[in-house]
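Report on the structure given below.
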Amino acid sequence: MANHSQAEARPTKVLAVTSLAAFMASLDLFIVNVAFDDIGRDFHGASLSDLSWVLNAYAIVYAALLVPFGRLADRFGRRAGFLAGVAVFTAASAACAASGSLWELVAFRILQAAGAALLTPTSLGLVLASTPAAQRVKAVRIWAATGALAAAAGPVVGGLLVQASWRWVFIVNVPVGVLALVAGVRVIAESRDHTLTRLPDLVGALALTIAVGALSLGLVKGSDWGWTAWSTLAAFVVAVAGTGVFWLRSLRHPLPVVEPALLRIGSFRWANVTALAFSVGFAAALLAQILWLRDVWHYSALRTGLAVAPGPIMVPIFAGVAQAVAHRTKAGRLGALGCALFAAGSVLILVSVGRTPQYVTEILPGWILGGIGVGLALPTILSAGTSELPPDRAATGSAVVNMSRQIGAVVGISVLVALLGTPSSYGDAHAAFQHGWWFCAAAMLLAVPAALGMTAKAAVPDTGADLARRRASSGRG
C-alpha cells in the first residue's frame, strides 16, 4: 500500500518541481521588461534599439535551441537535461547580475537562454512521462498555468526589486533555481527515449538563429541605417537565406528542428501560426505598455509594475475559465475569442491615452481586457498544439509551439522598436505609440482566423510509426 501511494504521488511531485522551473523561466521575462529603463541608465543611456537585444538575444537563442536540446535530452536522459538546464539558467542569472556592460549582459542572457531551452522541453517531457495518459491534458495545462502565475507576479516583483537595483531581477532566480535543483535530484526519476540513435539537427538550429537574428537586426536598426541601405538589405537577405537553409535541413535531416510531417496535422500547424501571431502582438504590447508608463508618464519602476500587474493577474483566472469550459467548446473558438479580446484592449488603450496620466480610465480597462484575452488564448494554444499529435511527439510538438512563440516575440519587439524610433516631443511619442498599439491589434486580429483552424483535422495524420519510417528512410544515405 505504501509503495502504491508513493507511485501515485510521484506525478504530482514531478509536476510541482518542473512547474517551479517553468515559473522561474517565465518570471524572468516580465521582471526584465520592468527593469528596461534602469538597465539603460546604468549603461550610459543605451539606446532602445541596443537595449532590445537584452530581450531579443534571449528569445532568438531560446527559440533555436528549444527543440534540439529537447531531443538531446530525450536521447541522453531528460532528468539529467532538466537538472543541467536549471543549473545553467541559475548560474547565468548570477552572471547577468554581475555584468559590467550592456553587451556582457546580452552575452550572459544568451547563456541563460540556453539553460531555459534545455529545462523547458525536458520539464514537460518529464511531466508527460510520469503522468497517466488520462491526466496528461490537465497536467500540461497546470504546467502552462505556472507561467501565467509568473506573469501575474512578475511586474510587481520586478518593480519591487528594481527599487534596490535592476541586478536583483536576475539575482532572484538564484534561490529559486537552487530549490528546483535540490528538489529535482530528490524527486525526479530518469526518463529517455531509447529509440533515438541520431543527434538532432544542430546546423538547422544555427541557421534558424542566424535567420531570426538577422531579421531582428534589420528591423531594429533599419530606421538608423536607412531602410534601403546596403546593411539593412543585407540583414534581410541573410534572414531569407537562413530561413531557406533551415527549411531545407528540415526536409532532409532525420531529426530536424521541425518535422514537416507534423505540419500535416491541422491542429498542430494552426497552433504554431496562432502562437506566432499572438506572440508578435503580446510581446510588443507588453513592452509598449511599460515604455509608455515609464518614459511618457514617468512612472517609477514599482508604480509601473503595479500598473502592469492587473492584466497578467487576469491570465491565471481566465486560464481556469478556459479549462472549465474546454470540454464544452472548440479550442479554436476559445483561442480566437482570446486574441480578439486582446486586440480590442489594444485599440481601447490607443484611443484613450493622453499626456496627463489617467491610469484608471485610459489604461486599466484595455489592459484588463487584454489580460482576459491572454488567459483564454495562451493555454488553449499550447494544449491544442499537442492535442492530435502521437504520444511520442507531444513533447517535441509543444517545444515547436514554444519556438514559434519566441520567434513571434522577437518580431513583435523588433517592429515596435522600429515604430517607436527616438521621438523628440510628446506629439511624436504619442503618434509613435499609437502606431505601436495598432500594430499589436493587427497582429492579434491575424491570429483570430489562425486560431479557428486549430480544431481542423489532418488530411492524413501521421502516426508515430509513420514518422519513424520517415526518419529511417531519410537516414539511409
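Residue numbers count from 1 along this sequence. These numbers come from the heavy atoms of this one structure, side chains and all, not from hydrogens, waters or symmetry mates.
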When rounded to the nearest 0.5 angstrom, what is the spacing between CG in Asn272 and CG in Leu263? 7.0 Å

Please check if the side chain of His430 supplies one atom and the backbone of Val353 the other of a donor-acceptor pair under 3.5 Å. yes

Which label fits Tyr58 and Tyr62: parallel for a plane angle under 30°, tilted from 30 to 60°, or perpendicular past 60°? parallel

Do the non-hydrogen side-chain atoms of Leu341 and Leu376 ever get within less than 4.5 Å of each other? yes

Answer whether the closest heavy-atom distance between the side chains of Pro260 and Trp247 falls below 4.5 Å. yes

For Phe278, does its backbone N or O pair with a side-chain atom of Arg405 as donor and acceptor, under 3.5 Å? no

Can you tell if the side chain of Phe89 reaches within under 4.5 Å of the side chain of Val86, non-hydrogen atoms only? no

Exam field: side chain Trp270 to backbone Leu452, donor-acceptor pair closer than 3.5 Å: no

With Ser231 via side-chain contact (heavy atoms from CB on, under 4.5 Å) - residues at least two apart: Trp225, Ala229

Do Trp53 and Leu217 come close enough that some side-chain heavy atom pair is under 4.5 Å? yes

Determine whether more than 12 heavy atoms belonging to other residues, nucleotides or ligands lie under 6.0 Å from atom NE2 of His435. no

Which heavy atom of Gly218 sits nearest to which heavy atom of Trp227, and what is that distance? O-CZ3, 3.6 Å

For the pair Gln434 (side chain) and Leu350 (backbone), establish whether a donor and an acceptor sit closer than 3.5 Å, ignoring hydrogens and angles. yes

Are the side chains of Leu48 and Thr422 in touch, meaning some heavy atoms are under 4.5 Å apart? no

Taking the side chain from Ser216 and the backbone from Val212, do they hold a donor-acceptor pair closer than 3.5 Å? no

On the 0 to 90° scale, with breaks at 30° and 60°, tag the Trp292-Phe433 ring pair as parallel, tilted or perpendicular. perpendicular

I'd like to know if the side chain of Ser52 reaches the main chain of Ser49, judged simply by a donor and an acceptor atom lying under 3.5 Å from each other, with no hydrogens or angles considered. yes

Over all atoms of both residues, closest heavy-atom pair of Leu302 and Val156: CD1-O, 4.5 Å

Measure the spacing between OG1 of Thr209 and CD1 of Ile110 and express it to the nearest 0.5 Å. 9.5 Å

Inter- and intrachain pairs under salt bridge (charged side-chain N to carboxylate O under 4.0 Å, His left out), touching residues 282-302, at least two apart: Asp38-Arg294

Assess the residue pair Val347 and Trp438 against the criterion (side chain to side chain contact (heavy atoms under 4.5 Å, CB included)); give the C-alpha distance rounded to whole Å, side-chain angles, the decisive distance to 0.1 Å, and a yes or no. CA-CA 7 Å; Val347 173; Trp438 276 121; 3.9 Å; yes

How are the rings of Trp166 and Phe170 set relative to one another: parallel (under 30°), tilted (30 to 60°) or perpendicular (over 60°)? perpendicular

Between the side chains of Gln112 and Ser93, is a donor N or O closer than 3.5 angstrom to an acceptor N or O? yes

Nearest heavy-atom pair of Pro155 and Ala309: which atoms, and what distance? CB-N, 4.1 Å

Residues in salt bridge (Lys or Arg N to Asp or Glu O under 4.0 Å) contact with Arg109, at least two apart in sequence or another chain: Asp28

Please evaluate residues Val88 and Leu119 with respect to the criterion side chain to side chain contact (heavy atoms under 4.5 Å, CB included), reporting the C-alpha separation (whole Å), side-chain torsions for both, the decisive distance (0.1 Å), and the verdict. CA-CA 9 Å; Val88 169; Leu119 76 87; over 6 Å; no

Atom CD1 in Ile407, atom CG in Leu276: separation rounded to 0.5 Å? 7.0 Å

Between Pro68 and Asp201, is any pair of side-chain heavy atoms under 4.5 Å apart? no

